[in-house]
Amino acid sequence: MLLAVDCGNTNTVFSIWDGTQFIGTWRTSTEWQRTADQYYVWLSTLMKFQKVEADITDMIISSTVPRVVFNLRVLADRYFHTRPIVVGKPECRLPVDVRVDAGTAVGPDRLVNTVAGYDLFGGDLIVVDFGTATTFDVVASDGAYIGGVIAPGVNLSLEALHNAAAALPHVDISKPQAVIGTNTVACMQSGIFWGYVGLVREICARIKAEREREMRVIATGGLAPLFQQAVDLFDTYQDDLTMHGLTVIYNYNKDTA
Ligand SMILES: Nc1ncnc2c1ncn2[C@@H]1O[C@H](COP(=O)(O)OP(=O)(O)O)[C@@H](O)[C@H]1O
Ligand SMILES: CC(C)(COP(=O)(O)O)[C@@H](O)C(=O)NCCC(=O)O
Ligand SMILES: [K+]
């Protein structure tokens, strides 16, 4: 079975794919110091607890944090006796083209999102990923990744306000009742929530205008549901988009090995 690992700047997600479906998914915070032994104790404990029986024989990794890959490689070698496929490394082939400026190291999560989006929906897509950063990945009609947009993440923006201004508290994001806030927390939530709605609308509209075509907008990532339920910004919300992309890339590399 396949262990797929999606490591973002905030969270790392492990999923086990039995060839047909994901039979277990677990999330931990991203810490590059975590060792292979620590990962294994954590993972095997949760698997036992949820009675997930899996003979892991293969592993694929996408990591936006280069430093964590070393210990994940040790995990693969020591506990699963396999060499992982690492997205972004030359030996990992992608089923789509990447058409960006020479020398650009595109975030592997964005490449995986592109592959997943194209596999599920075909071309002419905008994938919006609400992670630590909010990324927009533009997928051409032939499935190629042709660039995109990187904006500060929702929680990052709230943290920045709190860190930079002495009188602004730490607040969690939620949809405010009104645009005009009548207390500090409501004012901050309004600025970030409605500011983000505007950001997503404007960027998607400009991408479509630049491409001179209609494009499907897919949302994924931790905070996508908040925006999905609150306003009409996306055509589709796809919770496990990145994980799906990892299985597609894994199969592609196996088939063309
Ligand atoms: N269900 C949730 N509700 C609220 N915040 C969440 C939820 N899931 C994730 N987040 C927050 O959203 C941000 C993005 O999370 P995630 O998509 O895991 O980021 P990354 O892939 O960059 O690690 C983080 O700040 C995280 O704490
Ligand atoms: C933009 C990102 C920080 C997003 O990471 P995430 O929010 O998923 O942790 C990541 O994709 C990255 O480090 N990209 C490298 C630069 C690029 O994609 O062009
Ligand atoms: K991500």
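If you read the sequence from its start, that first residue is 1, and numbering goes on from there. Every number for a ligand or one of its atoms is a count from 1 in the order of the listing.
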Check your understanding: Does atom CD of E91 have more than 12 heavy-atom neighbours, drawn from other residues, nucleotides or ligands, at distances under 6.0 Å?
Key ->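 Enclosed: over 12 neighbouring heavy atoms sit under 6.0 Å from CD of E91.
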Point to revise | Exceeds 12 heavy-atom contacts within 6.0 angstrom, atom CG of D232 | key: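 No - once you tally the heavy atoms of other residues, nucleotides and ligands closer than 6.0 Å, there are 12 at most.
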Check your understanding: Do Y118 and D142 have side-chain N/O donor and acceptor atoms under 3.5 Å apart?
Key ->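 Judged by distance alone, the side chains do not pair up.
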If two hydrophobic side chains count as joined below 4.5 Å and joins carry through other members, does [X] share a cluster with [Y]?
X    : Y    : value
Y250 : M1   : no
F80  : L2   : no
F136 : F234 : yes

Which residue supplies the protein heavy atom nearest to [atom], what is that atom called, and how far is it?
atom                    : value
atom 1 (C) of ligand 2  : T135 CG2, 3.6 Å
atom 18 (O) of ligand 2 : G107 N, 2.8 Å
atom 19 (O) of ligand 2 : R110 NH1, 3.4 Å
atom 8 (O) of ligand 2  : D109 OD2, 2.9 Å
atom 3 (C) of ligand 2  : N9 ND2, 3.7 Å

Practice item. Please confirm whether the backbone N or O of V179 pairs with a side-chain atom of S190, one donor and one acceptor, at under 3.5 Å? Key: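 Looks like yes, one N/O pair under 3.5 Å.
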Check your understanding: Which atoms from ligand 2 have a heavy atom of T132 less than 4.0 Å away?
Key ->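 Answer, ordered by atom number: 7 (O), 9 (O).
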Review point. Short list, please: which atoms of ligand 2 are under 4.0 Å from a heavy atom of G131?
Key: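 Listed by number with element, the hits are 7 (O).
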Practice item. List the atom of L246, the atom of I61, and the distance in Å for their closest heavy-atom pair. Key: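 Where L246 meets I61 most closely, the heavy atoms are CD2-C, 4.5 Å.
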Review point. Less than 6.0 Å separating the ring centroids of F14 and Y39?
Key: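 Between F14 and Y39, the centre distance is under 6.0 Å.
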Point to revise | Candidate pair R34 and T28, rule side chain to side chain donor-acceptor pair (under 3.5 Å), full reasoning | key: CA-CA 11 Å; R34 191 167 294 143; T28 181; 2.9 Å; yes
Point to revise | Option with minimal heavy-atom separation from atom 13 (O) of ligand 2, where the choices are T64, T30, D137, T104 | key: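 Among T64, T30, D137, T104, the closest heavy atom to atom 13 (O) of ligand 2 comes from T64.
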Point to revise | Among G221, A133, S62, A105, closest by any non-hydrogen atom to atom 16 (C) of ligand 2 | key: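 Shortest heavy-atom distance from atom 16 (C) of ligand 2: A105.
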**Study point:** salt_bridge(R110, D137) N-O dist < 4.0 Å
**Key:**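 Here R110 pairs with D137 in a salt bridge, since their nearest N and O are under 4.0 Å apart.
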Check your understanding: Quick one: does ligand 2 sit under 4.0 Å from the side chain of T10, the backbone, both or neither, non-hydrogen atoms only?
Key ->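 Answer for T10: neither.
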Check your understanding: What residues come within 4.0 Å of ligand 1, counting heavy atoms only?
Key ->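 Lining ligand 1 at under 4.0 Å, by heavy atoms, one finds G8, N9, T10, N11, R27, F130, G131, T132, N155, G222, L223.
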Review point. Between T114, V106, I146, which is the residue that forms a side-chain contact (heavy atoms from CB on, under 4.5 Å) with V98?
Key: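 Of T114, V106, I146, side-chain contact (heavy atoms from CB on, under 4.5 Å) with V98 is met by V106 alone.
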Review point. Do ligand 2 and G8 have nitrogen or oxygen atoms that lie under 3.5 Å from each other?
Key: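 Min N/O separation from ligand 2 is not below 3.5 Å for G8.
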Check your understanding: Is there a heavy atom in G148 that sits closer than 4.0 Å to ligand 2?
Key ->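 Heavy atoms of G148 never come under 4.0 Å of ligand 2.
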